[in-house]
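Here is the structure we will look at.
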Amino acid sequence: MSKDKSGKIPTPQAVRGTQDMLGDFADRFQHVVETFERVRRLYGFKRVEVPVIEPTAVFARSLGETTDVVSKEMYSFEDRGGESITLRPEFTAGIARAYVTNGWQQFAPLKVATHGPLFRYERPQKGRYRQFHQLDAEVLGSDSPLADAELLVFADQLLKELGIAEGVTLTLNTLGDAESRDAWRAALVEHFEAHRGDLSEDSLARLDKNPLRILDSKDPKDRPIADSAPDIDAFLTGEAQDFFGAVTAGLDAAGVAWERNARLVRGLDYYRHTAFEFVTDRLGAQGTVLGGGRYDGLIENLGGPPTPAVGWAAGIERLAMLIDEPRTGLLKVIMAVEDDLAVPAAQKVIATLRANDLSADMIATGSARKRYDKATKINAHVLMSLRWVDDKPVVRTQSAPESEVHTQVRTILDNLGFR
RNA sequence: GCGAUCGUAGCUCAGUUGGUUAGAGCGCCGGUUUGUGGUACCGGAGGUCGCGGGUUCGAGCCCCGUUGGUCGCCCCA
């Protein structure tokens, strides 16, 4: 590999916060996606595909145009027609938009699932990228707690089948209906105002912008105040209590373990009732592995009819970091072509192996006498060598004794006339 | 937007209080062994030490700036 120093061309760098995946991690990623696709079918969730780009208004409106989120954390740009376009930062808003613009109300209640890349203009850190990938499941047009419970059981089964359920806890809360939520919020503001002097600087800012967020402040200074704040329970209406009770009863019936976390909140106003996160302590600061909730107000924010809905999303990279290394199929045959004259014969053999559903690869470049060495270093069921003796290709195979693959390979070689 | 920390070969990393010609393993290339074998042995190529200034007789090492990665804060739909 020689470098031409005279004609130096600067290599373009990858965009900040994007990642390239090869081998082990790509396999993990793929395993997560495949498991999700299999499990979502078990629950009757339809596959849905929505665009990666949407008019900025789709996300701005669904998010309420309030927070930092819209102003500085979306990946937005103008297209050539001058329209503001945003790379999707989440699935829910796009799916909700599709639900309205395509008249999918006719299918309500609609259970859908998807996965793919999302984009947020943020500072990268462990488990957080500017382009990242999520699994997503939504139930649109159902106001039944059965939908919430089903989604949670689905999520729980997914994590179990990925083999990571052990280190992961389902934490669950209710934000009540609009009436409960408003009453609780008012009580919280009152509580925090009374302790204004003891709050951290960050939390003072939250008090104006997003008081519920003070509840999960990480600042030790805030903890006593947050911990002594009133729970929502005292403010829940009867309906809200019944709803939450029905969700937890569904979890218990299905054998899903959960923990109440009365401190779990959602900043945005369209969230109602169920809020949940599956959390782990194995991912540093990014402990949430899967999260979601009921967002009965969102579709209205997009100009659609009042539509109850609930859903969750999970970061594929985070799940991929947690799972054990998937057992990818071991290569069936690795072939060392020890003489260039044997290459055509090798090509014939390898094509036949592959046509017979046997994975195979060959080493036929570089030093001829080193090819066998390289082949031995590649793990495969059968090690095959091809030499050129007396103007003829000579094949030899080695494998573990009584290998079924070995028998198959020998049969194919016999049929090809190799001895 | 803020903070901490790290950038040495294609990769993973050593590199002494600042001191001649910057090292190892893996990978790559070549040689030895012409074999029911060979995950071996020997050798070679490959580095403006992220980039730009500064201090010094002398900088991979110290200082300043800058850029990129990592981790954290804010935010987290």
Side-chain angles (χ1 to χ4, degrees), chain A residues 1-3 5 8 10-19 22-23 54 58-75 86-96 118-130 132 134 136 138 200-206 209-210 212-213 216-219 264-271 275 277 283-288 291-293 295 297-298 301-302 311-313 315 318 334 336 338-339 365-380 383-385 387-389 394-399:
Chain A
M1 237 201 290
S2 67
K3 267 186 208 163
K5 284 180 179 151
K8 237 195 258 177
T11 305
Q13 298 296 300
V15 172
R16 182 186 201 117
T18 61
Q19 46 182 343
L22 173 69
E54 294 277 0
V58 168
F59 305 110
R61 201 154 309 145
S62 84
L63 295 168
E65 325 223 8
T66 51
T67 50
D68 291 359
V69 166
V70 172
S71 55
K72 62 178 205 193
E73 298 188 14
M74 295 203 309
Y75 228 114
T86 294
L87 300 174
R88 63 183 180 197
E90 57 160 339
F91 279 113
T92 308
I95 292 172
L118 302 171
F119 304 84
R120 295 180 185 176
Y121 201 85
E122 294 183 297
R123 201 67 184 268
Q125 52 182 287
K126 188 180 182 68
R128 287 181 86 167
Y129 306 94
R130 285 190 175 177
F132 60 105
Q134 283 189 341
D136 185 272
E138 314 277 349
S200 69
E201 217 170 293
D202 284 334
S203 285
L204 283 177
R206 293 183 182 114
K209 286 161 64 178
N210 204 345
L212 299 202
R213 278 286 162 201
D216 46 30
S217 169
K218 287 170 188 163
D219 194 317
L264 178 60
V265 294
R266 288 280 114 98
L268 300 169
D269 285 338
Y270 55 68
Y271 281 100
E277 292 181 357
L283 285 179
Q286 316 306 330
T288 300
Y295 51 95
L298 184 143
N301 282 1
L302 286 172
W312 55 249
R318 291 188 193 175
I334 184 67
E338 298 190 78
D339 191 315
T365 56
S367 168
R369 50 191 357 155
K370 290 226 190 326
R371 294 175 191 173
Y372 187 88
D373 264 357
K374 287 186 189 172
T376 60
K377 289 179 187 174
I378 293 174
N379 212 1
L383 171 61
M384 184 183 298
S385 69
R387 287 184 291 134
W388 193 256
V389 181
V394 174
V395 68
R396 192 185 307 286
T397 57
Q398 280 179 256
S399 82

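The structure presented is a predicted model; accordingly, all values stated were derived computationally and were not measured. In what follows, chains are A, B, ... by sequence order, proteins preceding strands, each numbered from 1.
For C76(B), neither phosphate oxygen OP1 nor OP2 lies less than 4.0 angstrom from any side-chain nitrogen or oxygen of Lys209(A). One finds no side-chain N or O of Asn379(A) lying less than 4.0 angstrom from the OP1 or OP2 phosphate oxygen of U39(B). The side chain of Lys218(A) places an N or O atom within less than 4.0 Å of a non-bridging phosphate oxygen (OP1 or OP2) of C73(B). In terms of phosphate contacts, Gln125(A) brings no side-chain nitrogen or oxygen within less than 4.0 Å of OP1 or OP2 of C71(B). OP1 or OP2 of A77(B) lies within a sub-4.0 Å distance of a side-chain N or O belonging to Arg213(A).
For Lys370(A) against G31(B), a side-chain N or O and a base N or O form a donor-acceptor pair under 3.5 Å. With hydrogens and angles ignored, a donor-acceptor pair closer than 3.5 Å exists between the side chain of Tyr372(A) and the base of G37(B). The base of G37(B) does not come close enough to the side chain of Thr376(A) for any donor and acceptor atom to sit less than 3.5 Å apart.
Applying the side chain to side chain contact (heavy atoms under 4.5 Å, CB included) rule to Ala93(A) yields the partners Val58(A), Phe59(A), Ser62(A), Glu90(A); only residues at least two apart in sequence or on another chain are considered. Residues that satisfy the salt bridge (charged side-chain N to carboxylate O under 4.0 Å, His left out) test with Arg266(A), not counting sequence neighbours, are Glu277(A). For Arg213(A), the salt bridge (charged side-chain N to carboxylate O under 4.0 Å, His left out) partners are Asp216(A), not counting sequence neighbours. Partners of Ser217(A) by side chain to side chain donor-acceptor pair (under 3.5 Å), not counting sequence neighbours, listed by chain and number: Asp222(A). For Ala375(A), the side chain to side chain contact (heavy atoms under 4.5 Å, CB included) test picks out Ile334(A), Ala336(A), Ile363(A), Leu383(A), with sequence neighbours left out. Taking the side chain to side chain contact (heavy atoms under 4.5 Å, CB included) definition, one finds that Arg396(A) meets it with Ser385(A), Arg387(A), sequence neighbours left out. When the ring pair (Phe, Tyr, Trp, His ring centres under 6.0 Å) test is applied to Tyr75(A), the partners found at least two apart in sequence or on another chain are Tyr121(A). Taking the salt bridge (charged side-chain N to carboxylate O under 4.0 Å, His left out) definition, one finds that Glu54(A) meets it with Arg97(A), sequence neighbours left out. Annotation: salt bridge (charged side-chain N to carboxylate O under 4.0 Å, His left out) contacts of Arg371(A) (sequence neighbours excluded): Asp340(A).
In this structure, the NZ atom of Lys377(A) is 6 Å from the C1' atom of U39(B), given to the nearest Å. Rounded to a whole Å, the CZ atom of Arg16(A) is 12 Å from the P atom of C71(B). When the P atom of G30(B) is taken as reference, atom CG of Asp373(A) falls 13 Å away, rounded to whole Å. One interatomic measurement links the two molecules: CD of Gln13(A) to P of G69(B), which rounds to 8 Å at whole-angstrom precision.
Taking the side chain as every heavy atom from C-beta outward, Leu298(A) and Thr92(A) approach each other to under 4.5 Å.
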Using nucleotides 2-5 of chain B, report all nitrogen or oxygen pairs with the protein that are shorter than 3.5 Å.
from	atom 1	to	atom 2	distance (Å)
C2(B)	N4	Arg123(A)	NH1	2.6

Between the protein and nucleotides 33-36 of chain B, which nitrogen or oxygen pairs come in under 3.5 angstrom?
from	atom 1	to	atom 2	distance (Å)
U33(B)	O4	Arg369(A)	NE	2.7
U34(B)	O4	Arg369(A)	NH2	3.2
G35(B)	N7	Arg387(A)	NH1	2.9
G35(B)	O6	Arg387(A)	NH1	3.3
U36(B)	N3	Arg396(A)	NH1	3.4

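Separation of the P atoms belonging to G7(B) and U34(B) is 48 Å when rounded to the nearest angstrom. The gap from the P atom of A45(B) to that of G10(B) amounts to 15 Å, rounded to the nearest Å.
Stem regions annotated for RNA chain B: B:1-7 with B:67-73, B:10-13 with B:23-26, B:28-32 with B:40-44, B:50-54 with B:62-66, counting only runs of 3 or more consecutive pairs of Watson-Crick or G-U type with both contacts under 3.5 Å.
In terms of position on RNA chain B, the residue among Arg266(A) and Ser217(A) whose nearest nucleotide sits closer to the 5' end is Ser217(A).
Nearest to the side chain of Glu73(A), among A40(B), G72(B), A77(B), sits A77(B). With U39(B), C73(B), U70(B) as the candidates, the nucleotide lying closest to the side chain of Asp202(A) is C73(B). Checking C76(B), G37(B), C28(B) against the side-chain heavy atoms of Lys374(A) singles out C28(B) as nearest. Across G27(B), A77(B), C75(B), the shortest atom-to-atom separation from the side chain of Arg128(A) is found for C75(B).
The backbone N or O of Pro124(A) lies less than 3.5 Å from no partner atom in the side chain of Arg130(A), so there is not a single donor-acceptor pair.
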